[in-house]
Amino acid sequence: MAFSTLVFPFVFLPVSLILYFVLPKRLKNAALVVCSLVFFAWGTPEYLVLMVLDIAFHYFAGRELALQKARGRSGRFVLVSSVLVNLLLLGFFKYYGFLVDNLNALLGTALRARELPMPIGVSFFTFSLLSYLFDVYRDRAPAARNVLDFSLYVTFFPKLVSGPIVQYAEMEPQLRDHPVTREGFGSGARLFLIGLAKKVLLANQFGMLWDTMSADPVAAGMLGAWAGACAYTLQIYFDFAGYSDMARGLGRMLGFEFCINFDYPYISKSVTEFWRRWHISLSTWFRDYVYIPLGGNRCGKIRQCVNILIVWALTGFWHGAGWNFLFWGFYYGVLLLIEKLVLGKYIKRLPAVFQHLYAMVIVIIGWVFFASPNLSTALAYLKVM
């Protein structure tokens, strides 16, 4: 169930809000969990049992992790085994077909990958579960005692589909107490409507232009191809930022405050600045749970460069199962390294308009790789541009 479908604002949301506000405080979180599970099961009800089992597994894994640490043990075995369960589930649902296709191409086999529906929000709730494990392991937050509160963190419908990716340590205090004020509800409703407008009135319209130009870029010509790429650049921003605004607005209407996920990324004057402003919760997640544990910038230059490339390869692959996504990740990893080691100081000397033009050309080219079904299609489109 997407936020922009008619059933969400006219049926699901009113029912959820009525249940939340009429029930006593001790039942509010339970009501939100039930509503969130209905939201999750709306498109793929066959995975409801899997979600419940996943929540139960991680709840007990967190309790065991806290127990191990209380006894003076590292708890590393519990952490590693739980992380592997997460990655195996994510890998099966998201990358199973990609793996089979590449094995067939490599070995000349004819294995068939049965197409399975994707559990909604699988990438996002998997990262939420990993955040919980890491935060408990690193003592950033206590292990959950109340299974309903923990279930709400995992399934909370405003952030389930497209984020933002809220870290457990940030949301844990709000799970116990999230009072709703008149001002908070009003500003949340306003933010939701702004996000809905971004998605329906802007993103969908720009998307139609991109679909037209990308269907036959040769016929579109150079100007048409650039228009299509610019349209997709606007589409993906208004789509992602619109959903983030809707998620933050819905959360605020229910007493939760989530971080800003998009901070006017297209005013950036470098690639480095762009990634400080674009999908902030995802960049923060990879920084806190991958880049820093790998050594971050506390090691030598070579190791630091390797760490950055690892993070960006994972970032690209997280977005989708395809070589174009992996290439897109390396594309940004290499560009960020070039800016960090060589170009950064020279870019800052340019007039602001040229800095901005440089950043936007890089970003637009990157979106062509991201939007295309494969690398060869992306390169053909760029050739027309």
Side-chain angles (χ1 to χ4, degrees), residues 12-13 16-40 48 51-67 69-70 79 82 86 120-121 124-181 183-185 187-188 191-192 244 246-261 280-281 284-285 288-289:
F12 179 86
L13 183 57
S16 300
L17 291 174
I18 291 170
L19 278 175
Y20 181 79
F21 287 114
V22 301
L23 290 174
K25 183 177 180 180
R26 68 180 185 277
L27 296 179
K28 289 186 185 296
N29 279 4
L32 289 179
V33 170
V34 172
C35 292
S36 297
L37 289 175
V38 170
F39 180 87
F40 173 80
L48 183 58
M51 171 61 89
V52 173
L53 292 175
D54 210 14
I55 291 170
F57 172 82
H58 286 86
Y59 173 77
F60 288 112
R63 300 297 306 155
E64 179 62 24
L65 192 56
L67 183 62
K69 292 178 72 65
L79 176 69
S82 301
N86 271 283
I120 67 163
F124 291 93
F125 73 72
T126 298
F127 270 29
S128 293
L129 290 167
L130 288 172
S131 171
Y132 171 68
L133 294 170
F134 292 140
D135 285 351
V136 172
Y137 177 77
R138 293 158 59 181
D139 296 321
R140 289 186 67 204
R145 292 184 175 274
N146 188 312
V147 69
L148 277 175
D149 291 352
F150 177 66
S151 301
L152 181 59
Y153 166 68
V154 178
T155 64
F156 193 36
F157 68 86
K159 68 178 185 64
L160 185 64
V161 178
S162 296
I165 304 171
V166 184
Q167 296 185 16
Y168 180 70
E170 296 173 359
M171 191 169 174
E172 188 268 339
Q174 300 184 65
L175 294 171
R176 297 189 299 272
D177 187 31
H178 45 94
V180 179
T181 63
E183 293 77 13
F185 187 91
S187 65
L191 190 56
F192 175 80
S244 289
M246 285 188 275
R248 293 180 60 233
L250 290 168
R252 194 176 292 173
M253 291 165 71
L254 294 165
F256 292 87
E257 190 63 45
F258 299 148
C259 63
I260 294 174
N261 208 20
I280 298 168
S281 65
T284 302
W285 196 98
D288 292 348
Y289 300 126

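- Considering every non-hydrogen atom in both Ala247 and Pro158, the closest pair reads CB-O, 3.0 Å.
- Taking 4.5 Å as the limit, every side-chain heavy atom of Asp54 sits out of range of all side-chain heavy atoms of Thr126.
- Checked options Met171, Arg252, Glu170; the residue passing with Phe258 is Met171 (criterion: side chain to side chain contact (heavy atoms under 4.5 Å, CB included)).
- The CG atom of Leu152 sits 13.0 Å away from the NZ atom of Lys28 when rounded to the nearest 0.5 Å.
- The line from CD1 of Ile165 to CZ of Phe125 is 13.0 Å long, rounded to the nearest 0.5 Å.
- Taking all atoms of both residues into account, the shortest heavy-atom contact from Ile55 to Ser151 is CG2-OG, 3.4 Å.
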Stepwise side chain to side chain contact (heavy atoms under 4.5 Å, CB included) check, Val166 with Ser128:
CA-CA 7 Å; Val166 184; Ser128 293; over 6 Å; no
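- Counting only residues at least two apart or on different chains, no salt bridge (Lys or Arg N to Asp or Glu O under 4.0 Å) pair has a member in residues 142-159.
- Residues Tyr132 and Tyr153 place their aromatic rings such that the two centres sit no closer than 6.0 Å.
- Atom CG of Leu148 sits about 10.5 Å away from atom CG of Leu32, to the nearest 0.5 Å.
- Residues Ala61 and Leu133 come closest through the heavy atom pair CB-CD2, 4.3 Å.
- Donor-acceptor pairing under 3.5 Å is recorded for the side chains of Asp288 and Gln167.
- For the pairing with Trp285, the ring-ring contact (aromatic ring centres under 6.0 Å, His included) check across Phe124, Tyr168, Phe127 returns one residue only, Phe127.
- Of the inter-residue distances, the one linking Phe150 atom CZ with Leu175 atom CG reads 10.0 Å to the nearest 0.5 angstrom.
- Of all non-hydrogen atoms in Phe185 and Val180, the two that sit nearest each other are CB-CG1, 4.1 Å.
- Applying the ring-ring contact (aromatic ring centres under 6.0 Å, His included) test to Phe256 and every residue at least two apart in sequence or in another chain returns Phe156, His178.
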In sequence, state the C-alpha distance, the side-chain angles, and the governing distance for His58 and Asn86, and then conclude on side chain to side chain contact (heavy atoms under 4.5 Å, CB included).
CA-CA 9 Å; His58 286 86; Asn86 271 283; 2.5 Å; yes
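- One finds the OG atom of Ser82 at 12.0 Å from the OH atom of Tyr137 (value rounded to the nearest 0.5 Å).
- Atom CZ of Arg248 and atom SG of Cys259 lie 7.5 Å apart (nearest 0.5 Å).
- Counting heavy atoms of neighbouring residues, nucleotides and ligands inside a 6.0 Å radius, atom CZ of Phe60 does not exceed 12 of them.
- With contacts defined as side-chain heavy-atom distances shorter than 4.5 Å, the pair Val154/Met51 qualifies.
- Within a 6.0 Å radius of CG in Leu27, other residues, nucleotides and ligands contribute more than 12 heavy atoms.
- Using a cut-off of 4.0 Å between Lys/Arg side-chain N and Asp/Glu carboxylate O, Asp177 and Lys25 are scored as salt-bridged.
- When all heavy atoms are compared, the tightest approach of Tyr20 to Leu254 is OH-O, 3.4 Å.
- Between Phe12 and Phe157, the distance from one ring center to the other falls under 6.0 angstrom.
- Between Ser36 and Thr155, the closest heavy-atom pair is CB-O, 3.1 Å.
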After noting the C-alpha distance and the side-chain angles of Asn29 and Asn146, does the key distance pass the side chain to side chain contact (heavy atoms under 4.5 Å, CB included) rule?
CA-CA 11 Å; Asn29 279 4; Asn146 188 312; over 6 Å; no
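- Here the side chains of Arg138 and Tyr289 are in contact, with some heavy-atom distance below 4.5 Å.
- Ser281 is linked by a side-chain hydrogen bond (donor to acceptor under 3.5 Å, both in side chains) to Asn261, counting only residues two or more places apart in sequence or in another chain.
- Asp135 places no side-chain N or O within 3.5 Å of a backbone atom of Arg140 that could act as its donor or acceptor partner.
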